[in-house]
Amino acid sequence: MTDYGDDLLVVDKLRKTYPLPGRGRLTAAADVSFTVARGGSLGIVGESGSGKTTVARMLVGLVRPDAGTVAVDGRPREPRTPRRREARLARAREMQMVFQDPYVSLDSRLTAGQCLRTALRLHGRDENLAAELLDRVGLGAREAEALPRQLSGGQRQRLAIARALAVDPRVLVLDEAVAALDVSIQAQILQLLDGIRRDTGVALVFVSHDLAVVQHITDEVLVMRRGQVVEQGPTRQVLSEPADPYTRLLLAAVPREGWDPDDAVAARAALAG
């Protein structure tokens with residue numbers, strides 16, 4: 001029997017492959033394991049095709065793993081959505097996902113307030129909490145009466161976060177949740193998320209290709225390449241003293257003061273060689 005200890009989220013050897021017609025199978029994720037403490041924050045980073053989004057989707061059940069387990073608060077999550085309504089709602093309260101495109105989780109026909117009240121009612125919570133949730137994510141009475149199309153990109157993402165929090169989840173999985181936002185709005189959303197996890201104890205799994213974002217919001221980081229975990233550990237340590245050549249390549253590609261693009265080219269060549 002697995003010993004889950006004090007960790008809120010325990011992921012053990014998740015694996016997912018997809019068939020490639022005439023060419024065998026593509027390994028999207030191979031034996032991915034990590035833990036996240038209560039109120040903790042883990043970043044999963046890598047280039048496009050690294051497998052990070054596949055891992056995120058396996059966590060919440062949008063993709064079924066070929067092998068491995070996911071446990072929240074010591075209880076393994078079922079591989080498929082349970083048929084019973086109570087069980088489905090309980091599963092939803094374990095983990096919620098915030099997508100890069102807020103429209104994925106928002107009903108275009110409902111105002112922001114209606115969206116939150118619907119979620120609260122579904123999970124047996126007081127609908128009056130809608131105003132408190134809007135305030136928590138920095139939205140007010142005007143936004144409460146607006147449809148998603150009437151909100152800015154940053155406001156829609158704030159609403160999507162509030163919609164996820166309405167369920168009172170134990171874990172929030174954020175897949176490139178600030179990638180489409182302006183830098184100034186990104187900073188506001190990251191500050192918001194950091195405050196929420198400290199206030200509520202919700203754990204964050206932050207999937208991103210942006211190392212600056214991950215450095216700002218996470219305690220631990222996991223680096224993926226071609227479905228494999230190549231490095232993981234405390235964020236500050238991994239991003240300041242990377243042990244793997246691929247992590248060094250990712251860091252070399254980040255523009256900063258004194259940045260030389262030739263460093264990234266050299267890092268890419270060293271990795272290929």
Side-chain angles (χ1 to χ4, degrees), residues 7-9 11 34-46 52-53 55-57 59-60 62 72-73 92-106 112 115-116 119-120 129-140 143-144 148 151-222 232 234-236 238-239:
D7 291 307
L8 177 61
L9 175 64
V11 176
F34 58 84
T35 62
V36 186
R38 303 173 197 279
S41 182
L42 172 90
I44 304 178
V45 302
K52 58 187 187 295
T53 292
V55 171
R57 289 176 173 268
L59 292 181
V60 298
L62 293 177
V72 177
D73 207 15
R93 287 191 291 271
E94 289 178 346
M95 197 177 300
Q96 286 285 301
M97 190 167 186
V98 178
F99 298 88
Q100 178 176 348
D101 182 359
Y103 278 118
V104 173
S105 58
L106 300 178
C115 172
L116 296 185
L120 289 164
L129 290 172
E132 180 181 321
L133 284 166
L134 287 170
D135 182 66
R136 172 173 283 177
V137 299
L139 299 177
E143 290 82 15
L151 300 172
S152 69
Q155 288 172 330
R156 283 194 294 268
Q157 197 60 287
R158 288 172 187 267
L159 176 57
I161 293 169
R163 167 64 179 77
L165 291 175
V167 178
D168 195 22
R170 311 303 303 280
V171 181
L172 272 184
V173 180
L174 303 111
D175 187 10
E176 301 284 8
V178 299
L181 304 177
D182 293 340
V183 174
S184 61
I185 304 300
Q186 283 187 8
Q188 294 173 18
I189 297 296
L190 292 175
Q191 186 176 21
L192 166 68
L193 290 168
D194 194 46
I196 287 171
R197 68 151 174 147
R198 295 181 188 281
D199 292 342
T200 67
V202 66
L204 303 181
V205 177
F206 210 98
V207 177
S208 180
H209 68 280
D210 190 330
L211 295 183
V213 166
V214 168
Q215 189 168 23
H216 182 84
I217 193 68
T218 66
D219 306 316
E220 304 275 328
V221 66
L222 182 150
Q232 63 187 110
T235 302
R236 182 174 297 181
V238 170
L239 298 187

Residue list, side-chain contact (heavy atoms from CB on, under 4.5 Å) with [X], at least two apart or on another chain:
X	value
E143	L139, L151, Q155
P102	L106, R156, Q157, A160
R236	none
A144	L134

Nearest heavy-atom neighbours spanning [X] and [Y]:
X	Y	value
A164	L172	CB-CD2, 3.6 Å
L8	A203	CD2-CB, 3.8 Å
L42	T218	C-CG2, 3.8 Å
P234	E220	N-OE1, 3.4 Å
V167	R93	O-CG, 3.3 Å
Q96	P169	CG-CB, 3.9 Å

Atom pairs and distances, donor-acceptor, side-chain atoms in residues 189-196, under 3.5 Å, two or more places apart:
| from | atom 1 | to | atom 2 | distance (Å) |
| --- | --- | --- | --- | --- |
| D194 | OD1 | R197 | NE | 3.1 |
| D194 | OD1 | R197 | NH2 | 3.2 |
| D194 | OD1 | R198 | NE | 3.4 |
| D194 | OD2 | R198 | NE | 3.1 |

Does [X] have any side-chain hydrogen bond (donor to acceptor under 3.5 Å, both in side chains) partners at least two apart in sequence or in another chain, and if so, which?
X	answer
T35	none
Q215	none
E132	none

Just do the side-chain contact (heavy atoms from CB on, under 4.5 Å) check on M95 and V205 with the steps written out, would you? CA-CA 10 Å; M95 197 177 300; V205 177; over 6 Å; no
Heavy-atom distance under 4.5 Å between the side chains of [X] and [Y], does that happen here?
X	Y	result
V36	D219	no
L116	L159	yes
I217	L174	no
L165	I161	yes

Pairs involving residues 160-173, ordered by first then second residue, that meet side-chain hydrogen bond (donor to acceptor under 3.5 Å, both in side chains) (sequence neighbours left out):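 Listed once each, the pairs are D73-R170.
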side-chain hydrogen bond (donor to acceptor under 3.5 Å, both in side chains) pairs, two or more places apart, involving residues 200-209: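 Of all non-adjacent pairs touching residues 200-209, those that pass side-chain hydrogen bond (donor to acceptor under 3.5 Å, both in side chains) are E176-H209.
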Distance check, rounded to the nearest 0.5 Å: F34 atom CZ versus D7 atom CG?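 F34 CZ to D7 CG: 11.0 Å, rounded to 0.5 Å.
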To the nearest 0.5 Å, what is the distance between CG (L59) and CD (E94)?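 So the gap between those two atoms works out to 12.0 Å.
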Side-chain (K52) to main-chain (I44) donor-acceptor, under 3.5 angstrom: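 No.
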